[in-house]
Participant: 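Before I ask anything, here is the structure I am working with.
Indexing begins at 1, ligand by ligand and atom by atom, following the structure's order. Side chains included, hydrogens not; waters and symmetry mates left out as well; all remaining heavy atoms used.
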Amino acid sequence: MSKIAVLGATGTIGSRVVREALDRGHQVTAVVRDPAKVSQSHPNLTVTTGDALDPASVAAAAAGQDVLVSAVGGGDGPGHRSTIEPSARALVAALRTLGADAPRLLAVGGAGSLRTADGRQVWDAPGLPEWLLQIMHAHGDALNYYRTVTDVRWTNLSPAGLIEPGERTGGYRTALEDLVVAADGTSRITAEDYALALIDEVEQPQHDGRRFTVGY
Ligand SMILES: NC(=O)c1ccc[n+]([C@@H]2O[C@H](COP(=O)([O-])OP(=O)(O)OC[C@H]3O[C@@H](n4cnc5c(N)ncnc54)[C@H](OP(=O)(O)O)[C@@H]3O)[C@@H](O)[C@H]2O)c1
């Protein structure tokens, strides 16, 4: 059993991470800006307040935890710009204050920076709308920042090209830098299977200091 704090616990992905962790017997703390938004309840679920952009509140919530998951999002493009990379810096700053006792950080990333079959990156595809490019590059900037961090244990998990609520199939494939593409040419994962892969990484760390990605 691990103690897992989850930022973004009210979100599409974060709520599934909370559910998966609880179903597997972990002790979960949802770290949220507004506790009234947490709809899940479980004997092993605690709710506390915290803001991913405020290192002091994150440090308070992360103290004593084994793993800190960040599943925060920024809504639209500008929202991602002002949330994703700034929160990466705030989370690392918070964990640094906890020294050797700091939990590992497992952050939800983006697919935009993944490599495609033609050797380019997802965000190089022609015709992508500006709002989506902003979201992709917000995650790219955060990943670039994480890659400078050597004194905090971090892992960044990029979804497949498409992630949406669906079935927990129990199956997925991983890669490091390459977009995972299925035989039918699609790159997708349900949020349920993404959460499964994330909690697998919590239980059996295999990507310390690295980004990896999951898809079918
Ligand atoms: N294919 C892809 O690459 C792909 C696809 C989908 C999503 N993603 C990424 O996955 C992440 C999660 O996506 P999602 O769809 O689950 O997002 P979502 O449903 O919009 O949820 C976002 C969560 O972040 C929380 N949050 C935002 N700012 C915060 C802050 N300063 N402090 C604490 N919590 C904060 C929100 O809390 P409140 O309830 O307080 O607002 C909410 O719980 C995003 O970063 C998104 O870009 C990637």
Participant: Check step by step if side-chain contact (heavy atoms from CB on, under 4.5 Å) holds for Leu7 and Leu68.
Facilitator: CA-CA 8 Å; Leu7 283 153; Leu68 174 65; 4.0 Å; yes
Participant: Quick one: which ligand 1 atoms are inside 4.0 Å of a heavy atom on Gly8?
Facilitator: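 Checking each atom against Gly8, I get 23 (C), 24 (O), 25 (C), 43 (O).
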Participant: Which protein non-hydrogen atom lies closest to atom 31 (N) of ligand 1, naming both residue and atom, and how far is it?
Facilitator: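 For this ligand atom, the closest protein heavy atom is Asp51 OD1, 2.8 Å.
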Participant: Any idea which atoms of ligand 1 are less than 4.0 Å away from a heavy-atom of Gly109?
Facilitator: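 Selected atoms, number and element: 9 (C), 48 (C).
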Participant: Looking at atom 12 (C) of ligand 1, what's its closest protein heavy atom, distance included?
Facilitator: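 Of the protein heavy atoms, Ala71 O, 3.5 Å lies nearest.
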Participant: May I ask you to identify the nearest protein heavy atom to atom 33 (C) of ligand 1, giving residue, atom name and distance to one decimal place in Å?
Facilitator: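 Scanning the protein heavy atoms, the shortest distance from atom 33 (C) of ligand 1 goes to Ala52 N, 3.5 Å.
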Participant: Which ligand 1 atoms does His80 reach within 4.0 Å, using its non-hydrogen atoms?
Facilitator: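 Atoms satisfying the 4.0 Å criterion: 44 (C), 45 (O), 46 (C), 47 (O).
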Participant: Does Gly75 come within less than 4.0 angstrom of ligand 1, counting non-hydrogen atoms of the residue?
Facilitator: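 Checking ligand 1 against Gly75, which is what was asked, there is no heavy-atom contact under 4.0 Å.
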Participant: Specify side chain, backbone, both or neither for Thr10, according to which of its non-hydrogen atoms lie closer than 4.0 Å to ligand 1.
Facilitator: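 It is both parts that get close, each with some atom under 4.0 Å.
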Participant: Of the side chain and backbone of His139, name the one, both, or neither that has a heavy atom under 4.0 Å from an atom of ligand 1.
Facilitator: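 Side chain only.
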Participant: Ser113 pairs by side chain to side chain contact (heavy atoms under 4.5 Å, CB included) with which of Met136, Glu177, Arg211, His137?
Facilitator: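 Passing option: Arg211.
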Participant: Could you report the tightest heavy-atom contact between Ala142 and Ala88, atom names first, then the distance?
Facilitator: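 Taking every non-hydrogen atom into account, CB-CB, 4.1 Å.
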Participant: Rounded to the nearest 0.5 Å, what separation is found between the OG1 atom of Thr29 and the CD1 atom of Ile4?
Facilitator: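 Going from the OG1 atom of Thr29 to the CD1 atom of Ile4 covers 9.5 Å.
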Participant: For His207, which of Trp154, Phe212, Tyr146 qualifies under ring-ring contact (aromatic ring centres under 6.0 Å, His included)?
Facilitator: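 When Trp154, Phe212, Tyr146 are each tested with His207, the ring-ring contact (aromatic ring centres under 6.0 Å, His included) holds only for Phe212.
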Participant: Polar-atom distance check: Gly110 versus ligand 1, any N or O pair below 3.5 Å?
Facilitator: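 Checking ligand 1 against Gly110, no N or O pair falls under 3.5 Å apart.
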Participant: Does the residue Ala191 have a heavy-atom contact with ligand 1, meaning some pair of atoms that are separated by less than 4.0 Å?
Facilitator: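 It does not; every heavy atom stays at 4.0 Å or beyond.
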Participant: Taking only heavy atoms of Ile84, which atoms of ligand 1 are found under 4.0 Å from at least one of them?
Facilitator: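 This gives 45 (O) as the contact atoms.
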Participant: For atom 13 (O) of ligand 1, find the nearest protein heavy atom and state the residue, atom name and distance (0.1 Å precision).
Facilitator: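 Nearest neighbour among protein heavy atoms for atom 13 (O) of ligand 1, to 0.1 Å: Ile13 CD1, 3.8 Å.
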Participant: Could you give the distance from CG (Leu157) to OG (Ser70), rounded to the nearest 0.5 Å?
Facilitator: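 Here the interatomic distance stands at 12.0 Å.
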Participant: My understanding is that only one of Thr12, Val18, Ile13 makes a side chain to side chain contact (heavy atoms under 4.5 Å, CB included) with Arg16; could you say which?
Facilitator: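 In the set Thr12, Val18, Ile13, the residue that makes a side chain to side chain contact (heavy atoms under 4.5 Å, CB included) with Arg16 is Thr12.
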Participant: Is the shortest distance from a Lys or Arg side-chain nitrogen in Glu201 or Arg210 to a carboxylate oxygen in the other one below 4.0 Å?
Facilitator: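 Answer for the salt bridge query: no.
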Participant: Nearest 0.5 Å, what's the CG-OG1 distance between Leu176 and Thr213?
Facilitator: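 Those atoms lie 9.5 Å apart.
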Participant: Which one of Ser158, Ser87, Gly73 has a non-hydrogen atom at the shortest distance from atom 27 (C) of ligand 1?
Facilitator: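 Nearest option to atom 27 (C) of ligand 1, by heavy atoms: Gly73.
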Participant: If we count only non-hydrogen protein atoms and require a distance under 4.0 Å, does atom 20 (O) of ligand 1 qualify as touching the protein?
Facilitator: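 No.
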Participant: How close do Ala21 and Val28 get, counting heavy atoms only, and between which atoms?
Facilitator: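 Closest approach of Ala21 to Val28: CB-CG2, 3.6 Å.
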Participant: Using a strict cut-off of less than 4.0 Å between a Lys/Arg side-chain nitrogen and an Asp/Glu carboxylate oxygen, indicate whether Lys3 and Asp66 qualify as a salt bridge.
Facilitator: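 Salt bridge between Lys3 and Asp66, a charged N being under 4.0 Å from a carboxylate O: no.
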Participant: Should Arg89 and Glu85 count as an ion pair when the cut-off is N to O under 4.0 Å?
Facilitator: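 Between Glu85 and Arg89 there is a salt bridge, with a charged N closer than 4.0 Å to a carboxylate O.
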Participant: Which ligand 1 atoms, with their elements, are less than 4.0 angstrom from a heavy-atom of Gly161?
Facilitator: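 Ligand 1 atoms under the 4.0 Å threshold to Gly161: 1 (N).
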Participant: What is the closest protein heavy atom to atom 10 (O) of ligand 1, and at what distance does it sit?
Facilitator: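 Ranked first by proximity to atom 10 (O) of ligand 1 is Val108 CG1, 3.3 Å.
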Participant: Atom 41 (O) of ligand 1: which protein heavy atom is closest, and how many Å away?
Facilitator: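 Answer for atom 41 (O) of ligand 1: Arg33 NH2, 2.9 Å.
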Participant: Hey, is Ala160 one of the residues with a heavy atom under 4.0 angstrom from ligand 1?
Facilitator: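 It does; at least one heavy atom falls under 4.0 Å.
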Participant: Nearest 0.5 Å, what's the CZ-CG distance between Arg168 and Leu196?
Facilitator: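 That separation rounds to 4.5 Å.
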Participant: Could you tell me whether some N/O pair between Pro159 and ligand 1 is separated by less than 3.5 angstrom?
Facilitator: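 No, Pro159 has no N/O under 3.5 Å of an N/O on ligand 1.
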Participant: Judged by modelled atom types alone, do Thr169 and Asp193 share a side-chain donor-acceptor pair under 3.5 Å?
Facilitator: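 Thr169 vs Asp193: donor-acceptor pair found between side chains.
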Participant: Considering non-hydrogen atoms of the protein only, which is the closest contact for atom 3 (O) of ligand 1, and what is the distance?
Facilitator: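 Scanning the protein heavy atoms, the shortest distance from atom 3 (O) of ligand 1 goes to Ala111 N, 2.7 Å.
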Participant: Touching ligand 1 at all, Ile163? Heavy atoms, strictly under 4.0 Å?
Facilitator: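 Yes, Ile163 has a heavy atom closer than 4.0 Å to ligand 1.
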Participant: Can you tell me the protein heavy atom closest to atom 11 (C) of ligand 1 and the distance?
Facilitator: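 Here the nearest protein heavy atom works out to Val72 O, 3.6 Å.
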